[in-house]
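Here's the structure, in structure tokens; my notes come after.
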Amino acid sequence: MTKLLNKNVKELLASEEFGQKVVVKGWVRTKRGNKNIAFVALNDGSVIHNIQIVIETASFEEELIRKITTGSCLCVEGILVASSGQGQKVEIQATDIIVYGTADPDVYPLQKKGHSLEFLREIAYLRPRTNTFGAVLRLRHAMSFAIHQYFNDRGFFYFHTPLITASDCEGAGAMFQVTTLDMNNLPLTPEGKTDYSGDFFGKQAALTVSGQLEGELGALALGKIYTFGPTFRAENSNTPRHLSEFWMIEPEMAFYEIKENMDLAEDFLKYLIRYALENYRDDLDFLCKMWDNELIDRLQFVLENDFVRLEYTEGVKILMESGQKFEFPVSWGIDLQSEHERYLVEKHFKKPVILTNYPKDIKAFYMKQNEDGKTVRAMDVLFPKIGEIIGGSQREEDYDKLLSRVQELGLSQESIWWYLDTRRFGTAPHSGFGLGFERLMLFITGMANIRDVIPFPRTPNNIEY
RNA sequence: UCCUCGUUAGCUCAGUUGGUUAGAGCACCUGACUGUUAAUCAGGGGGUCCUAGGUUCAAGUCCUAGACGAGGAGCCA
């Protein structure tokens, strides 16, 4: 029995076992040639590059060769040889070909020439087969893996927070309701409101908008934890930076103060960038060439430079003294607009900026209050091109301070009694932050629209695939 | 949700002050070419000009409404 080398395209391209009999399976990107010889560029998703299959047409049925069109799927048996052509080092001289699946050229939407990203979004079920999405999706995997690796190596535990939560919890944005009630015949309370007592959970429930509050419980038991899971926002946001369903990484650390929190955020982001550059350079080079010529330089730059650490008050001062005309005027106490963040990051410092100590009135109730009575220990990491990539803070661990803040803001104590209780039982200083995974992917890939860094984007009015 | 722009062949787009039968490149099909590199060359087929109304002798072109898409803003990650 002949020994067959069953390797993927990535492995075959790196192989030098010329003369070896091999089998390769994949999808046809292009076919070209003439009456006597055909060249097929075959890709199996393992790597951005294709392997060239050389077909002496005389050795095969004409009908078989006709079936080999862009998008069709093949199993090719052949000999791995050094290429006599210019474009590649190795190629496969085909001896046997099975067409697993044809792709009728009249109706197959993907062509071997360029498509717009907007068009590819309309055929999201096929776009993973393109070079661009192959690269993006391999990098998406790489970043997922590197995130687990980073935290695992540093003693963090992966902590699973619930996706379905009681809905009247505080926090960001509108929520998607989860119910098994008959929407066409809702039970009503005597006051005429929906009666949830007969609903699946016996009360109103929704998809989570953040795992942070539960994550804090984990940190106050296991020390250092991180979450990495989907979150859901029912906001009607139509921008290149927002999704209705996105993935978030939320580390939470007992005994970390804001400074250590910042150090972790910076080290973490640099680790991920370095991981991509060192392990997925081919995909980055492709994306750099095709979509964003400054991608590699920008990644290198962020990697090599310290992030600027700046207090909100200082930032506001810089903005007010800048002489720059802003659409929204700057004064102490305002929430910074995109234009302000962009000015600080892209014009003034030309580096990533970590902005800290925001006015308490524009930040969440759980952030640790500073002694000045005006600010809280929040930190936002601002990146060039995409703006806020991380938001985090040291958490308020003092029960009375936290409770008074909850009351000030008129939040419902009943729904987060368990969260407040952590400050009654063995409370500890702790900190954490949230990283939007797709925001990270925008930065890593250089893609401009967040719908192009997730396989199946969920946005208002978009749920076909 | 607000503002701006857009929607013409499978894809990317052109289409002049409203005027005869709506064009190009690529893709596809046919043919040519002994090794191509998003192959090349020649020929061919392919259109609900987003939808519905309206103005006009005449609408892809002007008006109104709607649908969809993109960019910016807000919300945020």
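What you see is a predicted model, and the numbers here were worked out from it, not measured in a lab. Just so we're on the same page: letters track the sequence lines, and every chain starts at 1. Excluded from the calculations below are hydrogen atoms, water molecules and symmetry mates; all remaining heavy atoms, backbone and side chain alike, are included.
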| field | Separation between CZ of R458(A) and CD of E245(A), rounded to the nearest 0.5 Å | value | 6.0 Å
| said: Of the options C75(B), A77(B), C11(B), whose atoms approach the side-chain atoms of Q111(A) most closely? | reply: C11(B)
| said: Distance criterion of 3.5 Å, no angle test: do you see the side chain of E235(A) paired donor-to-acceptor with the base of U1(B)? | reply: no
| request: Counting heavy atoms from C-beta on, name the nucleotide in U36(B), C28(B), A77(B) closest to the side chain of D106(A). | output: C28(B)
| query | Between A77(B) atom P and F228(A) atom CZ, what is the distance in whole Å? | reply | 17 Å
| Spacing of L269(A) atom CG and D267(A) atom CG [to the nearest 0.5 Å] | 9.0 Å
| query | Would you say N36(A) reaches U36(B)'s phosphate, i.e. side-chain N/O to OP1/OP2 under 4.0 Å? | reply | no
| query | How far does the P atom of A38(B) sit from the matching atom of C26(B), given to the nearest Å? | reply | 15 Å
| said: Is it the case that the base of G35(B) and the side chain of E56(A) share a donor-acceptor contact (distance under 3.5 Å, atom types as modelled)? | reply: no
| query | Within the modelled atom types, does a donor on one side and an acceptor on the other bring the side chain of H115(A) and the base of C11(B) under 3.5 Å apart? | reply | no
| Is any N or O donor-acceptor pair between the side chain of Q86(A) and the base of U36(B) shorter than 3.5 Å? | no
| Any N or O donor-acceptor pair linking the side chain of R29(A) to the base of A38(B) at under 3.5 Å? | no
| How far does the C1' atom of A59(B) sit from the matching atom of C49(B), given to the nearest Å? | 11 Å
| request: If G74(B) has a Watson-Crick or G-U wobble mate with both distances under 3.5 Å, name it; if not, just say none. | output: none
| query | Say you pick atom C1' in G45(B) and the same atom in U30(B); how far apart are they, in whole Å? | reply | 10 Å
| remark: Taking G35(B), A77(B), U30(B) as options, the one with an atom nearest any side-chain atom of R66(A) is U30(B)
| request: Supply the atom-to-atom distance I51(A) CD1 to D44(A) CG, rounded to the nearest 0.5 angstrom. | output: 9.0 Å
| Does N34(A) make a side-chain N or O approach to OP1 or OP2 of U34(B) shorter than 4.0 Å? | no
| said: Please verify the inter-ring angle class for F176(A) with F232(A); under 30° counts as parallel, over 60° as perpendicular, anything in between as tilted. | reply: perpendicular
| query | Which one is paired to U55(B), where only Watson-Crick or G-U wobble pairs with both distances under 3.5 angstrom count? | reply | none
| query | Which nucleotide in the list G35(B), C76(B), G74(B) gets nearest to the side chain of V54(A)? | reply | G35(B)
| query | Are side-chain N/O atoms of Y275(A) and Q149(A) paired as donor and acceptor at under 3.5 Å? | reply | no
| Using a heavy-atom distance cut-off of less than 4.0 Å, which residues of residues 42-51 of chain A contact RNA chain B? | none
| note | Which of U36(B), U34(B), U12(B) is nearest the side chain of F119(A)? It is U12(B)
| remark: Of K31(A) and L435(A), the one whose nearest nucleotide on RNA chain B sits closer to the 5' end is K31(A)
| task | Go ahead and name the base partner of G60(B); Watson-Crick or wobble counts if both distances stay under 3.5 Å, otherwise write none. | result | none
| Between the side-chain atoms of S237(A) and the base atoms of C75(B), is any donor-acceptor pair under 3.5 Å? | yes
| Nearest of C11(B), A77(B), C28(B) to any side-chain atom of P105(A)? | C28(B)
| field | Watson-Crick or G-U wobble partner of G23(B), both distances under 3.5 Å | value | C13(B)
| said: What's the gap between G47(B) and A22(B) when it is taken at their P atoms, as a whole Å value? | reply: 12 Å
| query | Mind checking the C1' distance from G46(B) to G23(B)? Whole angstroms is fine. | reply | 13 Å
| query | NA contact type, L243(A), heavy-atom cut-off 4.0 Å: base, sugar-phosphate, or nothing? | reply | base
| Pairwise C1' distance, G71(B) and C29(B) [rounded to whole Å] | 39 Å
| message | What I want to find out is whether R377(A) reaches E257(A) closely enough, with some N-O distance under 4.0 Å, to be called a salt bridge. | response | yes
| Euclidean distance for C1', A67(B) against A24(B) (whole angstrom) | 29 Å
| said: What's the closest nucleotide to the side chain of D335(A) if the choices are G74(B), G35(B), C76(B)? | reply: C76(B)
| Distance, nearest 0.5 Å, that separates OG1 of T161(A) from CD of E250(A) | 7.0 Å
| remark: Looking only at A73(B), G35(B), G69(B), the nucleotide nearest the E118(A) side chain is G69(B)
| remark: Among the nucleotides C11(B), U36(B), G74(B), whichever has the atom closest to the side chain of Q52(A) is U36(B)
| field | Closest nucleotide among G74(B), U1(B), G72(B) to the N238(A) side chain | value | U1(B)
| message | When you measure from the side-chain N and O atoms of R451(A) to the phosphate of G69(B), is any distance below 4.0 Å, counting only OP1 and OP2? | response | no
| request: Calculate the interatomic distance between K363(A) atom NZ and C75(B) atom C1'; express it in whole Å. | output: 13 Å
| task | In sequence, state the C-alpha distance, the side-chain angles, and the governing distance for F328(A) and H340(A), and then conclude on ring pair (Phe, Tyr, Trp, His ring centres under 6.0 Å). | result | CA-CA 9 Å; F328(A) 296 88; H340(A) 306 138; 7.0 Å; no
| message | Could you tell me the Watson-Crick or G-U partner of A67(B), where both distances fall under 3.5 Å? Say none if there is no partner. | response | U7(B)
| Euclidean distance, E122(A) CD relative to H115(A) NE2, rounded to 0.5 Å | 12.0 Å
| task | Scan residues 260-277 of chain A against RNA chain B and write down, sorted by residue number, each residue with any heavy atom closer than 4.0 Å; if none is found, say none. | result | none
| Mind checking who U48(B) pairs with, Watson-Crick or G-U wobble, both distances under 3.5 Å? | none
| query | Is the F383(A) ring parallel, tilted or perpendicular to the F307(A) ring (thresholds 30°, 60°)? | reply | perpendicular
| About how many Å separate OG1 of T313(A) and OH of Y358(A), when rounded to the nearest 0.5 Å? | 11.0 Å
| request: With salt bridge (Lys or Arg N to Asp or Glu O under 4.0 Å) as the test, would you mind laying out the steps for R138(A) and D282(A) before giving the verdict? | output: CA-CA 11 Å; R138(A) 277 186 295 274; D282(A) 285 354; over 6 Å; no
| Contacts of S59(A) that satisfy side-chain contact (heavy atoms from CB on, under 4.5 Å) - sequence neighbours left out | E56(A)
| task | Between C33(B) and A14(B), how far apart are the C1' atoms? Round to whole Å, please. | result | 33 Å
| Do we count F437(A) as stacking onto A77(B) if the rule is ring centres under 5.5 Å and planes under 30°? | no
